[in-house]
Amino acid sequence: MNKQQKEEYLRGYGVMKSQGKPFFPYAIAKDSAMACIVMVVIILMAVFLGAELGPKADPTTTTYTPRPEWYFFFLFELLRIIKPPALVPLATIGIPTICMILLFLLPFYDRGPERRPERRPIATTAGIFTIAAMGYLTYLGATAAPPTTIDVPVPKNVTAQGAAAVATYKAGQQVVAQSGCGACHRFGEAGNAGPGPELTKVGARLPAAAIQRTLLNPTAPMPSFAGLQQTSPQQFNDMVMFLSSLR
Amino acid sequence: MAKIKVPAPPVPDQLKPKPKRPGKTYGPQTPVEHGAEAGASTVGWIDERTSLSGGARWMMFRKVPKGTNWFYTLGSATMFAFLSQAVTGVFLAMYYDPAPKGAYESIRHINDDVFLGELVHGMHKWGSSVMVVLIFLHMGRTFFFGAYKYPRELNWVIGVVLLILTMTMSFTGYLLPFDQRSYWASIVGVNINGTGPLVGPYLNDFLRAGPYFGATTLSRFYSIHMLLVPGAIAALMGFHLYLVARLGTTAPPWLKPKTAEALREEEVAA
Ligand code: HEM
């Protein structure tokens, strides 16, 4: 807006304001009605949905589901949609950061005098697109529950080693399933495809020592399993054994 | 409407107010009269010392353009949701214990034993969702109405900061019940945060109070959640509202101001 447009706007706005009604009681009445609705909605939600607690937090446990509050789903889903590891920092940080900067600076790059949504096609389209994208990602996040069981057929190399190896394999498979790894990794038919890489054949790519190192010292956002190794090394070793025999 | 005169009840002479003598000072004389004036004189006393009434009048009796509709209530609804969070949060804080050993049990205690505990806990929990929904709706309203344009640019920028702070509130609050879900989700969330450019790792050390999730992490999240961020939100909300009153709320974009000429013609026609 140039100087003339600014003055024109202020003049026009001044006229409309002087023809308006006082804030008290007219606007206050609407605001109060809305406040009552908000209060009723919050109380109804509290009464009908409650405030349940899950099991107590246990840093060494193996049963958890790392799910954020629903309105963070869209951020989490960004991780899942962008797969190549090289692009992951872009998804986690790049896109949100760029969006935040665009949001902050909006009044400084969109300086046209027009205010009607139907006469600002670019802004309106971008707004609707953003809402649709966030809605879609939230929907994806809401429907992507992690699996509680993983069922990868026992590989031949394990069967060849005898019954003890098969038992370890099964035990490890259960630990992995209960640890919620499937929230971010895919194992055969089970689990979500991302943000973590597919693990169906991870044993062919990485030796056991490397898998163990990753579990203890993972790249973000994966949580570390060092706590599990300290409290129940047996389970931890089963896990490593299961993963390294996936090929 | 004609005034109806109610006949005065018979009052014994001793109790009848004495007529004022000429030359006496103005204002209430008897204790009863003082009592009747108490409200007005308290306000007057405060105003004499603070001059707040001018500000209140400026805030309450400013004009709002014609055509302001229900979409314009979303901002104040967001503020109301925040106030509800503040009040329920105060009551939760009376019972909450921000230590890894006691946090979960104290929330259990709130849910199971405290009078109306589960209701207040539920209101705080679901109120956060309501506030997030409302803040996005309010932002959408200001966006589609072009309300971020001159002269309200700064109010938009403050709004974006409020949005980030609100999301920070949910993020730090999610850990506090200290159940499995909140614990592991917070670890993953903090890890994601740590991949941020430049400040990411430092921010993480600050959030966790060290390089790992430890015993002090919970109390740090708690103090951020109930002191640091709400304080900042309250202050910025005040500034946001000051600017709204200072600049006036936008008129709906499809309304055009009547020019002075059109007004005059209207007057002539009337
Ligand atoms: C804690 C959150 C917030 C509160 C309590 C709040 C409160 C308010 C209130 C009460 C108004 C008066 C008009 C109305 O209600 O529509 C307003 C106006 C405004 N808000 Fe917010 N707001 C918040 C967040 C935001 C956000 C996230 C944005 C945008 C990024 C924003 C941008 C604006 C703008 C541009 C106006 C001026 C609108 C106009 O004059 O028509 N606000 N806000």
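What you see below is based on every heavy atom in this structure, not just the backbone, and it leaves out hydrogens, waters and symmetry mates. Convention: sequence-line order gives letters A, B, ...; per-chain numbering from 1.
- Contact of B:Ser182 with chain A is not made at all, since no heavy-atom distance falls under 4.5 Å.
- With a threshold of 4.5 angstrom between heavy atoms, A:Thr130 does not approach chain B through any atom at all.
- For a residue to count as touching a neighbouring chain, one of its non-hydrogen atoms must lie under 4.5 Å from one of that chain's; by this rule B:Tyr104 touches chain A with backbone and side chain alike.
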I'd like to know whether B:Phe61 forms a ring-ring contact (aromatic ring centres under 6.0 Å, His included) with A:Phe23, so could you lay out the CA-CA distance, the side-chain angles of the two residues, the decisive distance to 0.1 Å, and finally the verdict. CA-CA 6 Å; B:Phe61 297 115; A:Phe23 178 71; 9.4 Å; no

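- Using a 4.5 Å cut-off between heavy atoms, A:Gln5 does not touch chain B at all.
- Atom OH of A:Tyr109 has more than 12 heavy atoms from other residues, nucleotides or ligands within 6.0 Å.
- If you measure heavy-atom distances from B:Phe145 to chain A, the contacts under 4.5 Å come from the backbone alone.
- The residue among B:Ala251, B:Gly127, B:Gly248 with the most heavy atom pairs within less than 4.5 Å of chain A is B:Gly248.
- The greatest number of non-hydrogen atom pairs below 4.5 Å with chain B, out of A:Thr124, A:Leu49, A:Ile28, A:Ile131, is found for A:Leu49.
- For B:Leu163, the part lying under 4.5 angstrom from a heavy atom of chain A is the side chain only.
- In terms of heavy-atom pairs under 4.5 Å with chain A, the best-connected choice from B:Ile110, B:Leu134, B:Thr250 is B:Thr250.
- Here A:Ala123 is the residue among A:Ala123, A:Pro25, A:Ala27 with the most heavy-atom pairs under 4.5 Å with chain B.
- B:Phe171 is not listed as a side-chain neighbour of A:Pro68, based on a closest heavy-atom distance of 4.5 Å or more.
- The candidate with the highest count of non-hydrogen atom pairs below 4.5 Å against chain B, out of A:Ser224, A:Gly14, A:Pro22, is A:Pro22.
- The parts of B:Val157 that come within reach of chain A are both its backbone and its side chain, each placing non-hydrogen atoms under 4.5 angstrom from that chain.
- Taking the side chain as every heavy atom from C-beta outward, A:Leu106 and B:Phe143 approach each other to under 4.5 Å.
- Salt bridge absent: B:Lys149 and A:Glu114 never bring a charged side-chain N and a carboxylate O closer than 4.0 Å.
- With hydrogens and angles ignored, the 3.5 Å screen pairs a side-chain donor or acceptor of B:Asn111 with a backbone N or O of A:Ala51.
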From CA spacing to verdict: side chain to side chain contact (heavy atoms under 4.5 Å, CB included), A:Met39, B:Met123: CA-CA 9 Å; A:Met39 192 83 256; B:Met123 283 174 67; 3.4 Å; yes

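- There is no contact between B:Val190 and chain A, counting heavy-atom distances below 4.5 Å.
- Proximity to chain B (any heavy atom under 4.5 Å) is shown, for A:Ile37, by neither the backbone nor the side chain.
- Note: A:Glu52 CD to B:His121 NE2 = 10.5 Å, rounded to the nearest 0.5 Å.
- Judged by distance alone, the side chain of B:Tyr150 and the main-chain N or O of A:Gly112 form no donor-acceptor pair under 3.5 Å.
- No more than 12 heavy atoms of other residues, nucleotides or ligands sit less than 6.0 Å from atom CD of A:Gln4.
- With a threshold of 4.5 angstrom between heavy atoms, B:Pro252 does not approach chain A through any atom at all.
- Between the side chains of B:Thr68 and A:Tyr26, no donor N or O sits under 3.5 Å from an acceptor N or O.
- For B:Leu74, the part lying near chain A is the side chain, with the backbone staying farther off; criterion is any non-hydrogen pair under 4.5 Å.
- Proximity to chain B (any heavy atom under 4.5 Å) is restricted, for A:Met1, to the side chain, taken from C-beta onward.
- Comparing B:Glu153, B:Met59, B:Met60 by heavy-atom pairs within less than 4.5 Å of chain A, the highest count is held by B:Met60.
- In this structure, chain B has a heavy atom under 4.5 Å from the side chain of A:Tyr9, while its backbone stays farther away.
- Other residues, nucleotides and ligands contribute over 12 non-hydrogen atoms within 6.0 Å of the OH atom of A:Tyr13.
- Between B:Trp184 and A:Pro223 the shortest side-chain heavy-atom distance falls below 4.5 Å.
- Using a distance-only test at 3.5 Å, with no hydrogens or angles considered, no donor-acceptor pair links the side chain of B:Trp126 to the main chain of A:Leu44.
- Between B:Glu118 atom CD and A:Leu53 atom CG the span is 8.5 Å, to the nearest 0.5 Å.
- Side chains of B:Met167 and A:Tyr71 form a contact here, defined as non-hydrogen atoms less than 4.5 Å apart.
- Using a 4.5 Å cut-off between heavy atoms, A:Ile128 contacts chain B through both its backbone and its side chain.
- The part of B:Arg152 that comes within reach of chain A is its side chain, from C-beta onward, which places non-hydrogen atoms under 4.5 angstrom from that chain.
- Both the backbone and the side chain of A:Phe104 come within less than 4.5 Å of a heavy atom of chain B.
- Neither the backbone nor the side chain of A:Leu105 comes within contact range of chain B, judged by heavy atoms closer than 4.5 Å.
- Applying the salt bridge (charged side-chain N to carboxylate O under 4.0 Å, His left out) test to A:Glu8 and every residue at least two apart in sequence or in another chain returns nothing.
- Heavy-atom neighbours of B:Arg246 CZ from other residues, nucleotides or ligands within 6.0 Å: at or below the threshold of 12.
- Side-chain contact between B:Ser76 and A:Lys30 is absent, with no heavy-atom pair separated by less than 4.5 Å.
- Contact of B:Ser129 with chain A is made through backbone and side chain together, with heavy-atom distances under 4.5 Å.
- Contact annotation for A:Arg120: only side-chain heavy atoms (C-beta onward) come within less than 4.5 Å of a heavy atom of chain B.
- The minimum heavy-atom distance between A:Gly54 and B:Asp179, with the atom names listed, is N-OD2, 2.8 Å.
- Surrounding CZ of A:Phe108 are more than 12 heavy atoms belonging to other residues, nucleotides or ligands, all under 6.0 Å away.
- Looking at B:Lys63, its side chain does come within 3.5 Å of a backbone N or O of A:Ser18 through a donor-acceptor pair.
- Side-chain contact check for A:Lys21 versus B:Val64: every heavy-atom pair is 4.5 Å or farther apart.
- Remark: B:Trp254 CH2 to A:Arg115 CZ distance equals 13.5 Å, nearest 0.5 Å.
- If you check the side chains of A:Asp31 and B:Tyr72, you find no donor sitting under 3.5 Å from an acceptor.
- At least one side-chain heavy atom of A:Leu10 sits less than 4.5 Å from a side-chain heavy atom of B:Pro151.
- In this structure, A:Glu69 and B:Ser128 approach most closely via the heavy-atom pair OE2-OG, 4.1 Å.
- Using a 4.5 Å heavy-atom cutoff, the side chains of B:Glu105 and A:Lys56 are in contact.
- Proximity to chain B is limited to the backbone of A:Met222, based on heavy atoms less than 4.5 angstrom apart.
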Could you walk me through whether A:Phe24 and B:Arg62 pass side chain to side chain contact (heavy atoms under 4.5 Å, CB included), step by step? CA-CA 8 Å; A:Phe24 178 89; B:Arg62 69 197 151 95; over 6 Å; no

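- Closest heavy-atom contact between B:Ala77 and A:Met34: CB-CG, 3.8 Å.
- Atoms SG and CZ, on A:Cys36 and B:Phe80 in that order, are 7.0 Å from each other to the nearest 0.5 Å.
- The part of B:Trp156 that comes within reach of chain A is its side chain, from C-beta onward, which places non-hydrogen atoms under 4.5 angstrom from that chain.
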